[in-house]
Amino acid sequence: MGKQKKQKKYATMKRMISLKDQRIKEQDRAKTQKKKKEDPSVIKEQEVAKYPSCMFFQYNTQLGPPYYILVDTNFINFSIKAKLDVVQSMMDCLYAKCVPCITDCVMAELEKLGMKFRVALRIAKDPRFDRLPCSHKGTYADDCLVQRVTQHKCYIVATVDRDLKRRIRKIPGVPIMYISNHRYNIERMPDDYGAPRM
């Protein structure tokens, strides 16, 4: 007759002594915290999130001609596919002067894409485009654009990326420019500035 095999019990933990146990030395023991009684006459202080002065409810007062438009990598690529001139199509969409802005991260992303996207890189190096320097670590363009738009609400974001659109929609007062039906369209633009009716 052989030995009976013992099966290991899964998901079992070694028992540990609690820090309030009497066997632990006094200085190592966890201190019991006494609850303070709340005084009802004391004024409660709460920290409220600071909102920029340019926001009036959901309405952004910093938006106005000339429009500064932050351009994403895929926006330039899709513009080339749709055979659209970036600056001219922006002006046709907004009926005002537009200044396309491109960050260092977006330029780095275009340079990484290689020879296939050399036309997009040449368009991005156009002198009509404003170059915005980046001071943060890494070259992930989506995070860069979201961070810049959160700090300064004077930009419109031009993108075709669904994830980036979803992130920017959470930030109040930032319109999104996108491509549909071989033309540029804009969403969440204040009515004052004559956004085109679709």
Please name the pair of heavy atoms, one in [X] and one in [Y], separated by the smallest distance, quoted to 0.1 Å.
| X | Y | value |
| --- | --- | --- |
| Cys105 | Ala141 | CB-CA, 3.9 Å |
| Gly173 | Leu63 | O-CD1, 4.1 Å |
| Asn74 | Val160 | OD1-N, 3.5 Å |
| Ile179 | Leu84 | CG2-CD1, 4.3 Å |
| Phe117 | Leu113 | CD1-CB, 3.3 Å |
| Met91 | Ala96 | CG-O, 3.4 Å |

What is the distance from atom [atom1] of [X] to atom [atom2] of [Y], rounded to the nearest 0.5 Å?
| X | Y | atom1 | atom2 | answer |
| --- | --- | --- | --- | --- |
| Arg128 | Met90 | CZ | CE | 10.0 Å |
| Thr159 | Leu164 | OG1 | CG | 4.5 Å |
| Cys98 | Ile69 | SG | CD1 | 4.0 Å |
| Met177 | Asp72 | CE | CG | 13.5 Å |
| Cys154 | Tyr68 | SG | OH | 8.0 Å |
| Ile76 | Leu110 | CD1 | CG | 5.0 Å |

Practice item. Kindly determine whether Phe129 and Cys101 satisfy side chain to side chain contact (heavy atoms under 4.5 Å, CB included), including the steps that lead there. Key: CA-CA 5 Å; Phe129 278 66; Cys101 304; over 6 Å; no
Measuring only between side-chain heavy atoms, which start at C-beta, is [X] closer than 4.5 Å to [Y]?
| X | Y | value |
| --- | --- | --- |
| Asn77 | Lys81 | no |
| Val174 | Arg188 | yes |
| Val106 | Val71 | no |
| Ile123 | Val86 | yes |
| Val146 | Ile171 | yes |
| Val87 | Pro100 | yes |
| Lys97 | Tyr67 | no |

Practice item. Step by step, work out the salt bridge (charged side-chain N to carboxylate O under 4.0 Å, His left out) result for Arg167 and Asp143. Key: CA-CA 10 Å; Arg167 284 174 71 181; Asp143 288 343; 2.8 Å; yes
Review point. Counting only N and O atoms by type, is there a donor-acceptor contact under 3.5 Å from the side chain of Asn181 to the main-chain atoms of Arg183?
Key: no
Review point. Should Val99 and Leu145 be counted in the same cluster of Ile, Leu, Val, Met, Phe, Trp and Tyr side chains packed under 4.5 Å apart?
Key: yes
Check your understanding: Is Tyr140 reachable from Met107 through a run of I, L, V, M, F, W or Y residues, each pair having side-chain heavy atoms under 4.5 Å apart?
Key -> no
Practice item. Measure centre to centre between the rings of Tyr184 and Phe75, then say whether the value is under 6.0 Å. Key: yes
Exercise for review: Look at Glu187 together with Lys165 and state whether they make a salt bridge at an N to O cut-off of under 4.0 Å.
Suggested key: no
Check your understanding: What residue among Val149, Asn60, Ile176, Leu94 forms side chain to side chain contact (heavy atoms under 4.5 Å, CB included) with Ile156?
Key -> Leu94
Exercise for review: Would you sort out whether Asp104 and Arg131 count as a salt bridge (charged side-chain N to carboxylate O under 4.0 Å, His left out), showing the intermediate values?
Suggested key: CA-CA 7 Å; Asp104 288 345; Arg131 279 294 294 272; 2.8 Å; yes
